Amino acid sequence: EEIGSRNQAGHTRCAAVGPERSGERFLYVGSALGGVWRSTFSHSFSGENWTPLSDSVYGGVDDLAIITPTSLADDDIIVRRSGSSVLRSDDSGATWIEPQGLGSLRTGRRMVKAADASQTLYLFGTADIPGTGERSALFASTDGGATFALRTSFGIRWSGDVWVPRTTALGGSAVYVLQAGRIFVSTDDGFTFGAPLII
């Protein structure tokens, strides 16, 4: 049964659930040209009472990650990607700040959160690599999206994609990259990748 969204603007592109607090969680959605929205998610979820969190920021949201704060008394950390633009808020959207370390990023393809203790964020796209020019690249953040660092780059510029297991049991340090029609796997948090898988 469809239950919404009843007062949330634009179709939904992505969604993420925050940590549990007193039996409830926040459900966050990224919408097309409508930004980030939040509602309380529980067994009695009605699809109502959505609150916009990024009215001060133009555009839609392609990817959304929610980082559990050190103390559950603090607000969830929201990291949103729209194209090559990445923004972070730790005050429920009152302010949005660009992370450091993404100055070389040219295009953004996907941002995902790993199921590891650091809540690592991976960002795949293209970047200007010194001495080689624009290449496909994988960035990572282990501080809740405050800073990103280049983990590895690939020999060509190709849109590609990235994904990670959603549970630690499936490999908290594994990173999969689709590059030029081949799948590469890293078992060390994206620092190195082996030979492509044969499919």
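All of these numbers come straight from a predicted model, not from anything done at the bench.
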- How long is the span from the CG atom in Leu138 to the CG atom in Leu150, to the nearest 0.5 Å?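 Reported value, rounded in 0.5 Å steps: 8.0 Å.
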- Message: Please report the interatomic distance OG1(Thr147) to CG(Leu102), rounded to the nearest 0.5 Å.
- Response: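 Result: 9.0 Å between the selected atoms.
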- Message: Give me the atom names and distance for the closest heavy-atom approach of Trp163 to Leu178.
- Response: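 Looking at all heavy atoms of both residues, the closest pair is CZ3-CB, 3.8 Å.
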Side chains of [X] and [Y]: closer than 4.5 Å at any heavy-atom pair?
X	Y	result
Val29	Val36	no
Val86	Glu98	no
Phe193	Val177	yes
Gln179	Phe154	yes
Tyr176	Pro165	yes
Gln119	Thr142	no
Tyr28	Leu53	yes
Arg38	Pro52	no

Check: residues 60-73 side-chain donor-acceptor pairs under 3.5 Å, at least two apart:
unit_1	atom_1	unit_2	atom_2	d
Asp62	OD1	Arg13	NH1	3.0
Asp62	OD2	Gly83	N	2.7
Asp63	OD2	Arg81	NE	2.6
Asp63	OD2	Arg81	NH2	2.8
Asp63	OD2	Met111	N	2.8
Ser71	OG	Ala73	N	3.2

- Going by atom types alone, do Asp116 and Ser118 pair a side-chain donor with an acceptor below 3.5 Å?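 No, Ser118 and Asp116 have no side-chain donor paired with an acceptor closer than 3.5 Å.
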- Message: Between Arg80 and Ser85, is there a side-chain donor-acceptor contact under 3.5 Å, judged purely by atom types and distance?
- Response: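 Distance-only check fails for Ser85 and Arg80.
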- Item | Hydrophobic cluster membership, Phe148 vs Val175, 4.5 Å side-chain cutoff |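 No, separate clusters.
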- Assess Arg151 against Phe191: is NZ or CZ under 6.0 Å from the centre of the six-membered ring, and within 45 degrees of the ring's axis?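 Yes; both conditions hold, so Arg151 lies above the ring face of Phe191.
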- Item | Side-chain donor/acceptor of Arg109 to backbone N/O of Gly160, under 3.5 Å |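 At least one qualifying donor-acceptor pair exists.
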- Item | Whether Ser186 side chain and Thr192 backbone form a donor-acceptor pair below 3.5 Å |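 Yes.
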- Are Asp76 and Arg21 close enough for a salt bridge, meaning some N to O gap below 4.0 Å?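 Salt bridge present between Asp76 and Arg21.
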Check: residues 122-132 side-chain donor-acceptor pairs under 3.5 Å, at least two apart:
unit_1	atom_1	unit_2	atom_2	d
Tyr122	OH	Asp189	O	3.2
Thr126	OG1	Thr107	N	3.3
Thr126	OG1	Thr107	OG1	2.6
Thr126	OG1	Glu134	OE2	2.7
Asp128	OD2	Arg106	NE	2.7
Asp128	OD2	Arg106	NH2	2.9
Thr132	OG1	Ile129	O	3.3

